Chemist: 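To start, I am sharing the structure in question, which I have written as structure tokens.
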Amino acid sequence: MLITTVEQMRALEKKANELGHTYETMMEMAGTGIASFIDTRFYMEYEEDAERSIIGLVGSGNNGGDTLIALRELQSKGWTTRAYLIKERDEADPLTTGYTEAGGTLVKHSEDPKFSTLKKWCSEAQFLLDGVLGTGAHLPLDESIRSLLKAVNKYAEGLVILGVDCPSGIDCSTGEVAAETLHCDYTLSMAAVKSGLLTFPAFEYCGNLVNIPIGFEKHLPSWEEGLHEIITPLKMAGLLPKRPLDSHKGTFGTAMIVAGSINYTGTVLLASEAAYRSGVGLVRAAIPGMIHTAIAGAIPEVTWLLLPHEAGVIAESGVEVIQKHMDKVSAMLIGPGLETEETTRHFLTRLLSPSGKKGKGSVIGFVPTEPEDVKPKSNQTLPPLVIDADALRILADIPEWWKMLPANCILTPHPGEMSALTGLSVKEIQEKRLDLALHFAKEWNQIVILKGALTVVASPDGHAYISTCANPSLARAGSGDLLAGLITGFLAQGVKPVAAAQLGVWIHGNCGDLASEDVDAAAILPSDLIAQIPTSLSILRGLLP
Ligand SMILES: NC(=O)C1=CN([C@@H]2O[C@H](COP(=O)(O)OP(=O)(O)OC[C@H]3O[C@@H](n4cnc5c(N)ncnc54)[C@H](OP(=O)(O)O)[C@@H]3O)[C@@H](O)[C@H]2O)[C@@H](O)CC1
Ligand SMILES: [K+]
């Protein structure tokens with residue numbers, strides 16, 4: 001599912017129209033697409049004829065036009081339909097006459113100033129199609145529209161509400177929301193989701209997002225190029241690594257998890273188990289040796305690499321141990337629970353530096369004496385990397401830290417870590433999540449996963465992929481370890497970094513949804529989420545042909 005700005009959508013419609021795919025045709029496709037979605041989705045659930053009753057709120061613009069066509073189509077499919085016209089439409093409007101000729105019932109608000117007909121209709125219907133305003137909406141709303149939406153909010157309780165292109169009352173460019181906006185159960189997006197809807201609080205009004213094609217591909221075969229995407233299960237299914245029957249553990253790679261400290265032991269277990277459950281052949285956890293006894297029994301499948309430690313954190317000399325055991329490591333996660341002690345800072349910078357030796361690559365903790373000391377270079381022999389948590393905090397203190405990393409590492413900052421990496425405030429980051437993730441992905445030449453509700457995966461090539469998962473069960477210590485472990489597991493199996501990032505993000509979100517299906521999200525722990533990974537993977541594989 002694609003994402004456009006309102007300007008991009010207008011430009012696409014204009015171009016399609018010029019090439020012969022007229023505005024009228026696009027609207028006809030929009031309306032018939034809406035009707036066929038509704039009829040297909042709900043026909044079985046609402047078996048009785050009397051149950052298939054729908055009201056359409058019809059605005060004066062093209063959003064109202066889409067709605068009239070949808071009502072006409074539903075009427076001809078046997079639904080009981082009623083159109084409530086907010087403003088007068090042209091007497092000769094073919095959409096209005098087309099609808100009434102199909103047998104539809106129509107009332108104008110001017111004939112129902114106190115909304116008594118609307119109230120009666122709401123008490124008789126099961127569905128409401130919100131076609132008051134679309135991409136042409138600007139805030140604040142006129143009083144006439146505010147009073148209508150207030151009335152609907154009062155009378156339409158219990159109806160399934162479907163927004164045409166958007167819930168009316170949202171500015172699809174900025175995401176600004178009028179207080180009277182209806183909370184939709186579904187938002188039926190014409191051709192692509194409008195970007196303003198993927199911000200808060202607008203997203204909370206959208207319900208499930210559904211794509212209704214309007215035929216661009218007919219005249220604009222490459223219209224999708226350059227557009228950002230929503231991360232969908234169907235697409236994720238196609239990115240899963242294959243599981244050939246004649247496989248052995250080497251087929252699925254080795255993930256090394258460099259994590260943990262005396263205060264953060266569980267983080268190693270969460271990341272390692274998530275990596276394993278993504279399907280990787282072998283997980284090796286490189287940890288400060290002193291925590292081994294405490295955690296080794298927790299997951300029998302994990303193999304261990306015990307690193308030297310100082311006061312419970314990985315010591316600088318751990319680099320040499322890791323370098324001796326890099327054979328066959330096909331992806332590496334660095335960061336969860338490392339803490340940010342001086343010796344661990346040196347460990348990280350040496351691990352990332354080309355020689356891995358003490359001195360020039362070790363840029364933290366001392367003032368460099370030679371100018372070249374301040375120019376970080378990356379270690380090109382490292383496998384694909386995921387950099388998370390404390391490793392991000394350590395990097396944030398190094399000038400031009402991104403030059404220490406090979407290109408296309410996956411960085412997984414939450415807004416606080418993003419703030420440390422960029423110097424911007426959390427508020428600034430949250431206000432412009434998509435733009436900033438893209439900007440810095442390009443500047444750093446790295447893949448940036450900006451975590452949080454509506455997680456953004458931004459690629460340095462300017463493409464972004466947004467998760468529509470917003471589940472509070474994911475907002476808990478340890479949840480990020482699970483995500484980082486999953487992504488590392490996919491990377492280790494040979495999945496390309498941008499694809500591994502999306503797979504991890506989707507499965508992580510889906511685990512939250514699955515775990516909170518029947519229980520209160522407040523009580524869900526990251527280990528409960530991990531238990532859902534097998535179900536989530538089988539959901540994806542079930543989508544494959
Ligand atoms: N173009 C195409 O080819 C296709 C378009 N499609 C569909 O069209 C939709 C966009 O249509 P649109 O441009 O007509 O805008 P839309 O939102 O329906 O209404 C504008 C009207 O609302 C009014 N209005 C605005 N703000 C207001 C306020 N605060 N308070 C009160 N009134 C307000 C505004 O009045 P004005 O400000 O001009 O006085 C104007 O009369 C799009 O979302 C999609 O559903 C699809 O069919 C695919 C093909
Ligand atoms: K609408």
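Bear in mind the structure is a predicted one, so any value in this text is a computation, not a measurement. Atoms within a ligand are numbered from 1 in the order they appear, just like the ligands themselves.
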Chemist: Pick whichever of Ile212, Asn62, Asn17 has a heavy atom sitting closest to atom 11 (O) of ligand 1.
Modeler: Asn62
Chemist: Any salt bridge linking Glu45 with Arg41? Criterion: basic side-chain nitrogen under 4.0 Å from a carboxylate oxygen.
Modeler: yes
Chemist: Under 4.0 Å between a Lys/Arg side-chain N and an Asp/Glu carboxylate O for Arg10 and Glu7?
Modeler: no
Chemist: With a heavy-atom distance limit of 4.0 Å, tell me whether Pro140 approaches ligand 1 through its side chain, its backbone, both, or neither.
Modeler: backbone
Chemist: Looking at Thr4, Asn63, Asn211, Asp66, which hits side chain to side chain contact (heavy atoms under 4.5 Å, CB included) with Met190?
Modeler: Asp66
Chemist: Hey, is Lys120 close enough to Glu124 for a salt bridge, meaning N to O under 4.0 Å?
Modeler: yes
Chemist: With a 4.0 Å cut-off on N to O distance, would you call Glu101 and Arg72 a salt bridge?
Modeler: no
Chemist: Considering all protein heavy atoms, does one lie under 4.0 Å from atom 35 (O) of ligand 1?
Modeler: no
Chemist: Short N/O distance, under 3.5 Å, between Gly136 and ligand 1?
Modeler: yes
Chemist: Can you check whether Ile214 has an N/O within less than 3.5 Å of an N/O in ligand 1?
Modeler: no
Chemist: Measure from the ring center of Tyr186 to the ring center of Phe42 and say whether it is less than 6.0 Å.
Modeler: yes
Chemist: Considering only heavy atoms, which of Lys14, Glu13, Glu28, Lys87 lies nearest to atom 49 (C) of ligand 1?
Modeler: Glu13
Chemist: Below 3.5 angstrom, do we get any N/O pair linking Tyr23 and ligand 1?
Modeler: no
Chemist: What number of protein N, O or S atoms occur at distances under 3.4 Å from the K ion (ligand 2)?
Modeler: 6
Chemist: Measure from atom 39 (O) of ligand 1 to the protein's non-hydrogen atoms and state whether any distance is below 4.0 Å.
Modeler: no
Chemist: Determine, using heavy atoms of Ala137 and all atoms of ligand 1, whether some pair is separated by less than 4.0 Å.
Modeler: yes
Chemist: Considering the options Leu529, Leu514, Asp520, Asp513, which one meets the side chain to side chain contact (heavy atoms under 4.5 Å, CB included) requirement together with Ser473?
Modeler: Leu529
Chemist: I'd like to know whether ligand 1 has Gly131 as a neighbour, heavy-atom separation below 4.0 Å.
Modeler: no
Chemist: My understanding is that only residues two or more places apart in sequence, or in another chain, count here; which of them pass salt bridge (Lys or Arg N to Asp or Glu O under 4.0 Å) with Lys87?
Modeler: none
Chemist: Nearest to atom 6 (N) of ligand 1, what protein heavy atom do you find, and at what distance?
Modeler: Asp66 OD2, 3.8 Å
Chemist: Would a 4.5 Å heavy-atom cut-off, applied to side chains only, mark Leu12 and Phe216 as touching?
Modeler: yes
Chemist: Check Lys427 with Glu431, please: is the shortest side-chain N to carboxylate O separation under 4.0 Å?
Modeler: yes
Chemist: Of the protein's non-hydrogen atoms, which lies at the shortest distance from atom 28 (C) of ligand 1, and what is that distance?
Modeler: His138 O, 3.5 Å
Chemist: Would Phe127 and Trp79 count as a close aromatic pair, with their ring centres under 6.0 Å?
Modeler: yes
Chemist: Does this structure show an ion pair linking Asp388 with Lys451, if we count only N-O contacts that are shorter than 4.0 Å?
Modeler: yes
Chemist: How far is atom 41 (O) of ligand 1 from its nearest protein heavy atom, and which residue and atom is that?
Modeler: Ser60 OG, 3.0 Å
Chemist: Taking atom 25 (C) of ligand 1 as the reference point, report whether a protein heavy atom occurs under 4.0 Å from it.
Modeler: yes
Chemist: Would you mind finding which of Ile34, Leu133, Asp171, Asp165 brings a heavy atom closest to atom 22 (O) of ligand 1?
Modeler: Leu133
